[in-house]
Amino acid sequence: MAIHATLAGIPRIGRNRELKRALENYWRDPATGGLLAATARNTVNSYIGAALKAGIDSVPTIGRSFYDSMLDTSALLGVLPARFQNVPKTDGSNLPEWINHYFAAARGTKTQPASAMTKWFDTNYHYIVPELSADTEFTSDLTDWLDDSCSLNNGATTMLRPHLIGPVTYLSLSRTDDDSNPLGLLEKLTDAYAEIIAQLGDKGFEWIQLDEPVLVTDLDEVTLARTRQAYEKLAGVAESANTKLWVQTYFGDGDQALETLSGTGVQAIGCDLVAGSSELLHWTGKELLVAGIVDGRNVWRTDLDAALATLEKLAARGPIAVSTSCSLLHVPYSLASENPSEEDAEVLQWLAFGDEKIAEVTLLARALDAKLNDRQLDAADLKVLRESRAALASRAESKRIVKPEVREALAAIEDSDRNRSPFAARQAAQAETLNLPPLPTTTIGSFPQTNSIRRARAQLRTGELTPADYESAMLAEIRSAIEQQEELGLDVLVHGEPERNDMVQYFSEQLDGYLATTNGWVQSYGSRCVRPPILYGDITRPEPMTVQWYKAAADMTDLPVKGMLTGPVTMLAWSFVRDDQPIGDTADNVALVLRDEIADLVAAGAQIVQVDEPAIRELLPLNEADQPAYLKWAVGSFRLATSGVADEIQIHTHMCYSDFNELIDTVDDLNADVTSIEAARNGMQVLAALKDEGYVRGIGPGVWDIHSPRVPTDGEVNQLVEDALESVDPNLLWINPDCGLKTRGWDEVTASLKVLVAAAQQARLQLAE
Ligand code: GLN
Ligand code: ZN
């Protein structure tokens, strides 16, 4: 039997973001439903066609996806939230009857907020959180999905593998409205999956793939035992329906899944050999091991020789198939859509996007097959293998990757570079130079990114605006933001970030060692795609990146203006990052660059610099055992970036998520003078935790939930300030919104900030009494 070449999952947004456009058209104009139905099907269909043609012999799919696969699963199981039940389908297209109910859950309606959306494990993909309760009943109506799967490629049932999220992962990522444990529904849900499997088996599918990435995370014995039971049952059903179960894990070590599932009757288990180890001690060789050897999360070419050696070792222990480490949804479609400058063409040859990864998978399968059967690879494959080796060698030797000045600077880092004077000394020095009122008011950085700002940026790209025109347009925006803030009576001003398209992209475009892609879009959620920059080599800063804007703003006012930067962890979290050195070294490299930028800001007069780290929570490893090492480099790089300043310079940081109780120690370790955090939405819960922890530096819990377009009332904000004062020393409390204001409109912003400033003033009066 030849070695199978397969994929852990496929992207759905379309090579040219066709699904994005069809979705947005449909939301504007429901009469385009027919086009949406066709597009959702065609993007998947054509992908499968291309993958099969490229030599993949079994492709996972469930026909189509309209927004997100967790939400697709909720629709399939008949558990879209009931509060949207009355959002009917309005057009006559062949979209499913529940389609508007589905989109209402994803996007909300005028009267009802959307379901929660959150990050899929430690990726930057977001899923819609299922809303269940202890009495949820599941259905298993496959009509809307089977038609599609079967219509693909004339129902080629051996080459297509129906692909669903598995019951344990689905429930683990769900929420209930009655405090019951969603996993309490596992037996009921297993029954629903049993029916689904029976139906798919009847249609003649050889394999059915259930994704269980949750099996790579820390799970207790009871959950593992119940997982095993569920799969014993499902495997039994599969056997009677003449089909086979394939459980796919990713984003971590597969060994726990192997231990749990082997012997249950599940016939194939997919393991991520990039994020996890290839030792897989619990693999007995009885089940098919689907070896996820080609990285589905990052964009580097695979070291094919090393991969082949790993595969060969595994093949000696039992049957294996070659695959990607996870779904290709996390990387761009193809290098073929890139138009690099001559200079960047060198970097491109080190990369593999989706299509190139598919080619790597098929080549590895053929190469392994040849090895095991003592055959020669054919000439074409040998040529590809040689090219790949040459590309890797060129990457290893390129001057664009290793720069002596960066190596020296990294080697010269000392512990003292990550330390400042004790907080008390800094606090006293800062009080003297800054001379701020008690409960100082400020914002998080950005002001509304208006249409005119976006238009100016587009016109700069097309050449309709000269760089000089663009600059004056941005300066006018800054001037108006400064005037607004002065009028509102804020104490610490910001320039408003009009010139930033995105808080990571903006910096990556100005740094050497980063490559921007032309068409490297990746689905972030629903119709939203991002184009993460690629951090390929040692990072240097040809010129200051923000000083000009800071200086312009500071010259417009007598009040202090904060310098505003993106921190090292966030710079890495929202990029594709080099894999040729420990990530902590890369973070330190970015930190050194930021340290220089901070020095330049300070030289230009900045007394306050904010270094945002909104992503520090999302990179936190899935397993507790891996967390300390992560926190060490994450905190270390932030401190390296921010500790080069004198005592009187006030360092702020900002994080935007509310449930960071598990990260309280980390917030403390960052050693910032002031930390602003999201808190309005969950009523300041985080403050009690901070107090318990003995946190004693400046803190700005958000008192305005900026995620909602609603202007808060005086009463609400006063209450939040009062609540904050219960747990925070008034000398340490700052008054600010939850997050940046770039997504809001100016009307709401001025109205809400008025309320915020008034609340601070009132609280000051009360304190004075
Ligand atoms: N300074 C950034 C802004 O205000 C912070 C954004 C964020 O926290 N994601 O937009
Ligand atoms: Zn934020």
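Not measured: the values here are computed from a predicted model. Whatever order the structure lists ligands and atoms in, that order sets their numbers, starting from 1.
Within the 4.0 Å heavy-atom criterion, the part of H654 lying near ligand 1 is the side chain and not the backbone.
What sits closest to atom 6 (C) of ligand 1 on the protein, heavy atoms only, is M503 SD, 3.5 Å. Atom 1 (N) of ligand 1 has D612 OD2, 2.6 Å as its closest protein atom, hydrogens excluded (heavy atom only). Among all non-hydrogen protein atoms, the one lying nearest atom 3 (C) of ligand 1 is S446 OG, 3.3 Å.
Heavy-atom contacts of G740 reach the following atoms of ligand 1: 3 (C), 4 (O), 10 (O) (cutoff under 4.0 Å). Heavy-atom proximity to C656, at under 4.0 Å, picks out these atoms of ligand 1: 7 (C), 8 (O), 9 (N).
Checking Q112 against T109 by side-chain atom types alone, no donor-acceptor pair falls below 3.5 Å.
To the nearest 0.5 Å, atoms CD (E499) and CD1 (I453) are separated by 9.0 Å.
Ring centroids of F251 and H330 are separated by less than 6.0 Å, placing the two rings close together.
Applying the side-chain hydrogen bond (donor to acceptor under 3.5 Å, both in side chains) test between T570 and each of E613, E618, H654 identifies E613 as the sole match.
Salt bridge D491/R764: present, at least one basic N to carboxylate O contact under 4.0 Å.
Inclusion of C739 in the set of residues having an N or O under 3.5 Å from an N or O of ligand 1 is not warranted. For Q610, no nitrogen or oxygen atom sits less than 3.5 Å from a nitrogen or oxygen atom of ligand 1, counting backbone and side chain alike.
Looking only at N/O/S atoms, H654 comes nearest to the Zn ion (ligand 2) through NE2.
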task: Please test D668 against R697 for salt bridge (Lys or Arg N to Asp or Glu O under 4.0 Å), starting from the C-alpha separation and ending with a verdict.
output: CA-CA 8 Å; D668 199 25; R697 285 189 289 277; 2.9 Å; yes
task: May I have the step-by-step check of side chain to side chain contact (heavy atoms under 4.5 Å, CB included) for T666 and Y630, ending in yes or no?
output: CA-CA 11 Å; T666 304; Y630 161 72; over 6 Å; no
